[in-house]
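Single-structure report; data block below.
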Amino acid sequence: MKKLEPGMAYKTSKLNKIFAFLSVLFLMVVVWVFLDDYIRPWKAVQIEAIKIKKAKLEEKLKKVEGDIDEKRLATLQTQLDQASKKVSTRRKEVFAIDKELKQVLKEIKSETIINGTLNSQVSARTFLYEQVQVKIKKVIAKGKEPSEGLFDKKKAIFDDLKSFKGRFLASKDKMKFLQADQKRLTKQKLALNKEVTETNKKIKEIVTTKELLELALEKTKMGPIFAIRNAPFVDFLDPTLKIQQIVLENITDDRYFQQVPKVDRCITCHTFIDKPGYEDQENPHRTHPKLDLMVGRDSPHPMKKSGCTSCHSGDGHRVNDFQSIAHWPEDKEQRAEWVKKYKWHEPHRIATPMLKLSQTEASCVKCHQGVEHIPGATVLNEGRQNIEKFGCYGCHKIKGWEHKRKPGPSLYKIASKVDKEFFKNWVWSPKSFNKHAMMPSFFAQSNNSKPEFMRKNIAEVNAMAEFLWDKSKSYRPFMKYTGGDAKAGKELASSVGCMGCHGMEGAEKVSEKIGAYAGPFLSGTGSKVDPDWLVSWLKKPSHYQEDTIMPSFRLSDREANNIAAYLLSLKNKEFEAKRFAPLDRSARDEVLLAYFTAFDSEEVAHAKLNKLTDRQKTLELGYRSVGKYGCYSCHNIDGFAGRSPIGPELTNEGSKPLTQFGFGIQKEVEHSRDGWIKAHLLDPRRWDKGIDKPFQDLTRMPMFYLSEREAETMTIAIIGQVNDKIPLIGVKQLDAREAIVEKGMKVINKFNCVGCHEVDGYRGDILAKYEDDLNEGPPRLVGEGHRVQLDWFHYFLDNVYPIRPWLKVRMPSYNLTDEERNTIVTMFQYKAGQKALVDRSKIVNWKAGEKQAAKELWEELACASCHSSGFNQDEPQAPNLFFARRRLRPSWTKKWLKDPQAILPGTLMPSFWEDGESQAPDILGGDSEAQMDVLVKYMYDMGTEKLPTKNTKYWSKQ
Amino acid sequence: MSATRKHLNRREFFSYLTVAWVAFGAACAGMASLAFRFSYPNVNFEPEMEFLAGTPDMYEEGVDERYKNGFGVWMVKQEGKLFALSNICTHLGCIPNWLPAELKFKCPCHGSGYYTSGINFEGPAPRPLERYKINLTAEGKIKVDKTKLYRYEKGQWDNPNAFLSV
Amino acid sequence: MREFINWMADPIRSFPVVCVLFFLMMKYYRIVGTKKFLYLALAFIIPTAIWFGSDPNFFTILILPDNIPIIILLVLVGYLQWFTLYKSAENDKRIEAGLCPIEGLPENREKVWCWPNLVYTELFCIIAATCFLVVWAIIFKAPLEEPANPTWAPNPAKAPWYFLGLQEMLVYFDPWMAGVVLPGVVVVGLIAIPYIDTNPKGNGYFTIMERPLAMWGFLFGWLVLWIYLIIVGTFLRGPNWTFYGPFEYWDYHKVVAEYNVNLSEFLWIKGLNTSMPQNMFLREILGIVVSLGYVFVLPPMMAASKFGKGMIEKIGNMRYYILVMLFLLMMSLPIKMVLRWLFSLKYIVALPELELNL
Amino acid sequence: MAAKGLADKVRETQVWKSIFRHGPPDNARNRAAVVAGNVFLHLHPIKLKKSGVQLGYTWCMGGLTFFIFLALTVSGVLLMFYYRPTAEYAFNDIIALREHVPLGIMREIHRWGAHAMVITTWLHMFRVFMTGSYKPPREFNWGVGVILLVLTLLLSFTGYLLPWDQLAIWAITVGANMAKATPFLGHGGPGAALAQIGDFVMVSDKNDVRFQLLAGRFVGEPALLRFYILHCVFIPLVVGTLIAVHFWRVRKDGGISAPL
């Protein structure tokens, strides 16, 4: 052991060495902290952004420089030189003015001082004077006489004040003179310099853009000042690289105890998101692709009001790395790319990861609630339409969908419509009867195909049939099928308008194009329904079911029989040949027993079962099975009114914690909300795969055989159903007008008016059939509330008569209630922003010569050649104008005359006043406006007040 | 130990100790400066410095106090010019009151007074009130930008961005 | 191999193994407390640790930021425990030879200047600790999960790691025992140690030979009942507080067959094959008797033994009974654990009517 | 040499002398003066047994615990600049600490420091037991130490709630539910059912010890505020006081222990 100093445990030098080593280590760690804190990924992104901006500016500058007319600039330059020379000859004058101006300015300054002093004196004395006044008043109020001294004082102050006021006003006057002098002199000086100033202005006009660009370019320079501003430690002074954020008061984040204003810092890296001109860049430097709808300053959703994560979801607070924001890749390729580039992994512990880019529209529903259709949200609308098509809302409650009718037909009178054998086979496998059937398949699926399960299922289906037939009310068709011409029937069915709601066998291509889904696809009808029932149904659907939406096409008996003949000719032989297995009583009892033992012991259950008769047992199982499979959710079934739907509510599905989705052992399903929902929609029974479940616990959600696209769009619509509490100010509020329109849209959707009519650009499915000539299809309704008079409209909906008799497609008669009719009419009125009624008595007031001119014009333009009804016996090609008086609004008619193509592109109505040029220059001096006015009057003048009925001959004048 | 050796030892000792203390001091200073930097937030949540103040036809001649409480700005229309006047007294930052009867802004703290134009005429205020950048957006709305100041004494009130001609 | 370790790690098996290891360590501390042993152990532990870490499932749990302190703790405890044994072995050899312990050597009892010796030492520790802490902070981010949501509990919901021993106890005891009584007893017991341990030897130096009872008792509580349970709670308890082997994936849906039965049910249903008595005290009579016996009969019985007599002679009645009570309460945890694993015993006394379960 | 000359000159100025009243500590007198004359160092004895400076003996765990306590105090005070203990802001402020507040590792230093303090405290106790240093005359100081250990755990536990995330609220919920089971005082504990006279329930979920701890029936905003005050003010004050007692007793009980 080495000798140590006395009283020392260690050698001092050794201690010092350790101290030195540790201190240096400490210093290094501190440097590390500095760097760690300073280097943040978003800074690199912002520097990249500056570089991009610089490149863009340089490019622009080059272009602008190229645009500058060098020659002109040179001439201006010489002009400027000349001007300067000229001006310099006036130096003497300028000098004199300058001298004078200096004197005036000096005087102004001195007068300002005097003025200010006087002003303060006046204010002070005013105050004193008021005080004395108050004193005097107080004395008087006490009932005493104020002393003389007080009055003297008052007078003294007043005199003083008056004199100051006088001086103050004099000073102010003087100021005004002086200021006028100053103005005059300045003007003179400018005038002397005029030539130079003007030339300079011209030069500036040419180079100003360039100079502005140069100035902007200067700002993108990353020189020493830039480095210092952003250097560590001093970057609190005024950094150029900094976190940018949007604070939203009207949209909040849910903190469960409290709603907190949303803060989005996405723009820290997505620098150009709201700036047009960067569409060609890679993310994050790209401009938002839909700037006119989103993010843009003038769009309906400006960035500062709507933020980013309100639509895209994700953790907008975070900026430090790519991962923490919870970005989510669109597909496998992007996922691989991100993993490589950003070491991306699925975000943990974040309640709302970002939506996939293609699913962003899901968020629209957050704020746009209670509407049928969200303009611009194409994919979402498609998804919602699919939800309607497949009737998801029947079994799953979704807030805002309560008004929808039950997706399936009523089964109240089922026994008179189809036979039992058909029913059983149909329920067992709807697709085997009609591959377009929307009824989903419950049986013979992946999870219940075991013989043991099939046996029980067959018993259930048999029991359900018995139950329904037992409950079915009797119905007697009012018409007999007498046979008909199937060919004529087919022709009629495909042209009269059936295809607006139904797809049709034999016209698959057209059906697919139209994509109608309000009614069933007409296939194999002959193997399905009773002929008498069919004719009666076609003739008058409400006879069988009061609340059906199927309208009457006012078919003659012949026509009805023809269509029936055609539909009955559609047969599915294969299906007809099917024989459903008979009721297996032991299987029935087994299933029933399982129900009973759920709450009772075996013995009690057996006793209960044995108490029932054979029939009762079957009916009991039927009742329970209808309940088990939730048939009543989609169909009206006697005895189930008021039962809540069978499926879980979907209103907040998009906010359900991921851990609450049962992924089972399905490892190939993407571990995300949308992944689960889509997989579930495509094959609901997949979760049972590889799991041994008892019969009663099998997944019951049926198989819809959805296409990939349908499942994807429906998923988007469903994940948008979140429970984010958006404050009222953040939600799109329907104003009174929009609310009325929305109410009407619901009715219009219910009766599927949009299956045939395109309403201001919305749907009009059947028009797909008339691609070649839109005029052959049902009229497009553009500004319909402006076109027609409301009382007529109301009348028409109740008493449909043919307006365009040359069309093969027919406007059917609906079974509307008064309220529904009113709703539709007011909807169109508000949609077009029109007043209720037209005072027809005031339309026609002829001035001298007008009527004559109108008549000439009528002849000249040969109106009657198309609007022939009532004028000649020619085949009409346009509506009967005698009835226009009640139907059309004058203001619309004039607009229509002016430019029909602007209202209905492709219409046959010619434009007689193209670009305001009249084609009849000699009438009324060729004044287009006047011509249109008189023509409108003429039409109303000859029209009749009478309303036509369905029996009115359409060529009549009455 | 010989004298030289002792001397050497001493030098060696001294240099190690110096390194130690210099590094230690630097590290501590670094820590302290980090703590200092910590007290400057990088983002803040104060109200927006830019706001829309309606349309020019909303204003009557004189002083308008609509945007005073929310944004700290008087909108003043005078002699065909509309401008946005700061409501912060140039003396010590109090907020003056607008006295419509006397047509002046009067600061309650130390009695500075300003004309409608914002020019000071009494009390201790060293210079006129500041004006903010004001211009029209494409939709014809008035936009006031408080980040840009115009000061009378620097001759900046004639800047085309300091007022709107109405 | 991994399967085997997963299987072994289950507390049912690993607890006895740990107990045996502890026994071996204390018994042969003179072998354990040699540098040669340390090197051998390191040669074994380091590759093993690397092998463990190479498993993705275990690695995920291992580097959870909140588990880092536990790893640090384990390394420190492991080394310091060995160091203690090493020092003790050295001292005990000297004491056996009739020498004083190393700390008692005159050169170690010499007085030295506080400046620079102590002040420098402290400064070194401070700088080193600061560096360590800062580097730790730079490398590992503090955990932050979703915002607090009172309507939805994450799975598993774990207490802070230093309380995981207590949370593990909750598996075997009702909250009032595991959460209130036992921690209270731990604190009171710790405070009482100096007043119970009257052995004057071993003050100021490392030794095991001179104070075996204190060392065995304390180290059992510290290593087995505290550190080991924290390890179990951190690394081996997953969602639903279900057991997961170190190499097992934390599957939220793992179900473990577990059905526990009360002692009273054993007695009446299985033992006597009758129905449970209505009166709750009668129903639980066996458990009550056993518990009271454990607390009140066992100590005097032990006092009557030869060992007990010796103890009482040395430290007196009062100290003896306090010591025995503390010891019995400490041992109640391993006893309950073993009973749970062997017989699926839930409660010895089950009086849910009074919220009194044991 | 020049540097040395400068240093000597500095040492001769009035300012230096007014602060340091002794020469360089390279002789006995000055070494004593350094320790005795400095308010921060006079906690130490002037001379101590050699084992007291040997890391192999002390492990320096007590000293480190104290240092970490100080480091936590400083970082904690700085964190308070940016943290508001309300349900509305707490979580966002914690995010802010990482995302945009300068020195983004401040929260990490505080959190890991808290864990480190728990570890060093335990190891300190471990060492003290191993060397039998609780034996007379140090029994009382051992007791103080045990209480300090409990308080350290409580400090850490109360701080656990402040980030106001799922981890925090549920860890505290689990922890606070233990208080519910306190015999006689918690409404879920044995004996609570006895404290009832007719309709008058003396121990229920709205007046038991858990309610007192959380100022409510569940972990909500009042609990957050309460834990914040306990974490930042109350427990640190108690700990500080007890640390003073602890150190005082270390000196008075004969310094760091050594064989008798």
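We use all heavy atoms of the structure for the numbers below, so side chains are in, but hydrogens, waters and symmetry mates are not. Below, read A as the first sequence line, B as the second, and so on, with proteins coming before strands; counting in each chain starts at 1.
Using a 4.5 Å heavy-atom cutoff, the side chains of Leu73(C) and Trp122(D) are in contact. No side-chain heavy atom of Pro65(C) sits less than 4.5 Å from a side-chain heavy atom of Glu108(D). Proximity of Leu144(C) to Phe91(D): side-chain heavy atoms (C-beta onward) are separated by under 4.5 Å at one or more points. Proximity of Ile70(C) to His115(D): side-chain heavy atoms (C-beta onward) are nowhere separated by under 4.5 Å. Side-chain atoms of Pro69(C) and Ile119(D), non-hydrogen and from C-beta on, do get closer than 4.5 Å to each other. Between Cys125(C) and Leu55(D), some side-chain heavy-atom pair lies under the 4.5 Å cut-off. Between Leu167(D) and Pro143(C) there is a side-chain heavy-atom pair separated by less than 4.5 Å.
Only the side chain of Trp226(C) comes within contact range of chain D, judged by heavy atoms closer than 4.5 Å. Contact of Thr58(D) with chain C is not made at all, since no heavy-atom distance falls under 4.5 Å. Interface residue Phe67(D): only side-chain heavy atoms are found under 4.5 Å from chain C. For a residue to count as touching a neighbouring chain, one of its non-hydrogen atoms must lie under 4.5 Å from one of that chain's; by this rule Phe129(D) touches chain C with backbone and side chain alike. In this structure, the portions of Ala28(D) lying under 4.5 Å from any heavy atom of chain C include both its backbone and its side chain. Heavy atoms closer than 4.5 Å to chain C are found in both the backbone and the side chain of Ala32(D).
In terms of heavy atoms, Ile109(D) sits closest to Val134(C) at CD1-CG2, 4.4 Å. Across Trp115(C) and Pro25(D), no two heavy atoms sit closer than the pair NE1-CG, 3.0 Å. The two residues Ile169(D) and Ala148(C) have their closest heavy-atom pair at CG2-CB, 3.7 Å. Pairing each heavy atom of Val181(C) with each of Pro183(D), the nearest pair is CG2-CG, 4.4 Å. Nearest heavy-atom pair across Trp170(D) and Ala157(C) is CB-CB, 4.1 Å. The minimum heavy-atom distance linking Asn203(C) with Pro136(D) is given by the pair ND2-O, 3.3 Å.
Thr182(D) OG1 to Trp176(C) CH2: the interatomic distance, rounded to the nearest 0.5 Å, is 11.5 Å. Considering NZ of Lys47(D) and CG of Asn117(C), their distance stands at 10.0 Å, rounded to 0.5 Å. Atom NE2 in His44(D) sits 4.5 Å away from atom CG in Leu118(C) (nearest 0.5 Å). With values rounded to the nearest 0.5 angstrom, Leu105(C) atom CG is found 11.0 Å from Ser51(D) atom OG. Taking NZ of Lys49(D) as the start and NZ of Lys111(C) as the end, the distance is 6.0 Å to the nearest 0.5 Å. Atom CE of Met130(D) and atom CG of Leu85(C) lie 8.5 Å apart (nearest 0.5 Å).
The side chain to side chain donor-acceptor pair (under 3.5 Å) search around Tyr83(D) returns none, not counting sequence neighbours.
The interface of residues 350-358 of chain C with chain D, defined by heavy-atom distances below 4.5 Å, comprises Leu354(C), Glu355(C), Leu356(C). Below 4.5 Å, heavy atoms of chain D meet heavy atoms from Lys158(C), Ala159(C), Pro160(C), Trp161(C), Tyr162(C), Phe163(C), Gln167(C), all part of residues 158-168 of chain C. The contact list for residues 139-146 of chain D toward chain C, using heavy atoms and a distance under 4.5 Å, reads Glu139(D), Phe140(D), Trp142(D), Gly143(D), Val146(D) by residue number.
With hydrogens and angles ignored, the 3.5 Å screen pairs no side-chain donor or acceptor of Asn149(C) with any backbone N or O of Gln166(D). With hydrogens and angles disregarded, no donor-acceptor distance shorter than 3.5 Å links the side chain of Arg127(D) to the backbone of Leu80(C). Between the Lys50(D) side chain and the Val112(C) main chain, no donor and acceptor come within less than 3.5 Å of each other.
In this structure, Lys141(C) places its NZ atom where more than 12 heavy-atom neighbours from other residues, nucleotides or ligands lie under 6.0 Å away.
A cation-pi contact, defined as under 6.0 Å to the ring centre and within 45° of the axis, is absent between Arg31(D) and Tyr120(C).
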**Study point:** side-chain contact (heavy atoms from CB on, under 4.5 Å) between Thr131(D) and Glu103(C), worked out
**Key:** CA-CA 10 Å; Thr131(D) 56; Glu103(C) 287 87 347; 5.7 Å; no

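When each of Gly188(D), Gly63(D), Pro163(D), Cys60(D) is scored by its heavy-atom pairs under 4.5 Å with chain C, the top score falls to Gly188(D). Between chain D and the options Met215(C), Arg211(C), Lys87(C), Glu110(C), heavy-atom pairs under 4.5 Å are most frequent for Arg211(C).
Ring geometry for Phe218(C) versus Phe126(D): interplanar angle under 30°, hence parallel rather than tilted (30 to 60°).
If you look at Phe140(C) and Trp112(D), their ring centroids are not closer than 6.0 Å.
Under the 3.5 Å distance criterion, with hydrogens and angles disregarded, no donor-acceptor pair is assigned to the side chains of Asn108(C) and Tyr57(D).
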